[in-house]
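FYI, side chains are in, hydrogens and waters are out, and symmetry mates aren't considered; it's all heavy atoms of this structure. Order of the sequence lines sets the chain letters (A, B, ...), proteins ahead of strands, with each chain counted from 1.
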Amino acid sequence: MRVLRVGEDALLVELPTGDDAQALHAELLRRRAAGTLPPVTEIVPAARTVLLDGVTDPGGLARSLTGWDIPPPPAHAAGTVEIPVRYDGPDLADVAALWGVAPEDVPRVHAATRFRVAFCGFAPGFGYLTGLDERYAVPRRDTPRTRVPAGSVALAGPYTGVYPRASPGGWQLIGTTDAVLWDPAREPAALLTPGTPVRFTAVDAPAERGRPA
Amino acid sequence: MTGPALTVVRAGALTTAQDPGRAGSAHLGVPRSGALDLPAHLLANRLVGNAPGAATLETTLDGCAVRAHRAVTAAVTGAPSAVTSDGRPAPGGAAVRGPAGAVFAAGPAVRGVRAYLAFAGGVAVEPVLGSRATDLLSGLGPEPLADGTVLPLGKPAAPPPPLDVAPQPAPPRELVLRLRLGPRDDWFTDAAPRTLATGRYRVSSAGNRVGLRTEGPALVRSREGELPSEGMVLGAVQVPPDGRPVVFLADHPTTGGYPVVGVVPAADLAAAAQAAPGTPLRFVPLRRVAPRAGQVPGGGSSVPSGPRSRLSSSGVRS
């Protein structure tokens, strides 16, 4: 663990692996819920780091952090979010080729994987989900699309993500979901919050999105 | 007593509702947003008797004009401009009372960039995650104003305080931004702090509410690749591949993959919000108060960049 000062009142905690970052994030949430974490405005996990912003005594917290005993996150946490997916994405064949499997095997592998939301970014409610084996990492598309539809289930690098709303994007699209990823009237507004366990389930319905079933 | 109370007569180049923003949801990918010149926003609210969190209108370079459908107290702060109430000159930085039907206008900024129009009761657009701020990066909050936009006002909380005219800092002729080095200054050559301190930078016209962009000498990287995505703070000076520092403002992305050479204290960002394109810019790197806190030997201090660099790690590209 390495703790870097960020400006006047923030700390960036750097961990050796993404799993370590997720474990520290879980521990920070536990301590905040227990009232033993000094007040902070933001706890922002990312690929290998956790950012603590709005820290009253960053020096003191930095010194105490390095002595923490951090348990690994539970393997099969309760509260798994299930996301039904039509595996009908336009990049399914490309992903199958990159993986070296038949196109019908992509949904099988993806839906059998236990994911966890490592962090959010890019857009409100856009989660970066880890869980796929390293060998299934794929590059972004050479030319990003100017418009990726909302609900697109997509892969890039080691991550799976679901576009909360239509936006430009360069990820490989493997499917579509009708799940509502972002709803400001909901608490929390994001369906996929950091730390949440996620499963994707394959559904057959070939109906186009937005058309009545 | 909310209801249609204002109609936008002239929206200007970019006018948005702003308040102190929605900090606290960065872990969901939600930028903090909020008024770029926060002291000007707070002063405008104080002049009309609003709480600090009431929404004001933030204009960009050429002001705006709104018609009030009821008698209302208004104030304009921030970038100096010709303020009028029903066509008559009115003081800036002061409470102005107008009758129902009056048009309040802030003209083009004489200097500076952003003016703030506060109305007693506050602009009462629907809040999103506790804030009425328009976030231009993520699209949260109300759309930017257009001609004809109708806005509700809240109920005035109290009579405005007996404060006639309030002094305001002038927009900067030279923008001076202090900078605390790190967390990724080690991604740049040893010359980077000197380049920042002595380079002749200017405020670029390509800036926006997401970040103040700069023109000037490029900072030279000492290592290749992209960082794995990491959390970003307000005032972070991110350095994209072209080497020109970008100072993150309120609508900045919550995570990013370009290294942050240093962080500008929040107190300096109000001046940054008022620095017009072309303004000379000087960075003043601050010495570290203490050595980097809490370094633990053998704790994975190297940042992998090789195989990961082919992946998307910039939070703003997905």
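Heavy atoms of A/E42 lying under 4.5 Å from chain B belong exclusively to its side chain. Proximity to chain B involves both the backbone and the side chain of A/T41, based on heavy atoms less than 4.5 angstrom apart. Interface residue A/L12: only side-chain heavy atoms are found under 4.5 Å from chain B. The part of B/L140 that comes within reach of chain A is its side chain, from C-beta onward, which places non-hydrogen atoms under 4.5 angstrom from that chain.
Ion pairing of A/D94 with A/R141 is present here, as a side-chain N (NZ or NE/NH1/NH2) and a carboxylate O approach within less than 4.0 Å. Ion pairing between A/R145 and A/D91 holds under the 4.0 Å rule for side-chain N and carboxylate O. Between A/R86 and A/D178 there is a salt bridge, since a side-chain N of the basic residue sits under 4.0 Å from a carboxylate O of the acidic one. Between A/D19 and A/R116 there is no salt bridge, since none of the side-chain N atoms of the basic residue sits less than 4.0 Å from a carboxylate O of the acidic one.
Not less than 6.0 angstrom separates the ring centroid of B/W187 from the ring centroid of B/Y258. A/W182 and A/F122 have their aromatic ring centers separated by at least 6.0 angstrom.
Put simply, of A/G127, A/P194, A/G67, the one with the most heavy-atom pairs under 4.5 Å next to chain B is A/P194. By number of non-hydrogen pairs under 4.5 angstrom with chain B, the leading residue of A/T49, A/T193, A/V40, A/L65 is A/T49. Counting heavy-atom pairs closer than 4.5 Å to chain A, the top-ranked of the candidates B/L129, B/V233, B/V128 is B/V233.
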Go through it in stages, so that I can follow the logic: the residues are B/V237 and B/V263, the test is side-chain contact (heavy atoms from CB on, under 4.5 Å), and I'd like the CA-CA distance, side-chain angles, deciding distance and then a yes or no. CA-CA 6 Å; B/V237 180; B/V263 178; over 6 Å; no
Between B/V203 and B/T214, is a side-chain contact (heavy atoms from CB on, under 4.5 Å) present by the stated rule, with each step listed? CA-CA 5 Å; B/V203 175; B/T214 63; over 6 Å; no
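Using cut-offs of 30° and 60° on the angle between ring planes, the pair A/H110 and A/F115 is tilted.
Of all residues spanning residues 238-251 of chain B, none has a heavy atom less than 4.5 Å away from chain A's heavy atoms.
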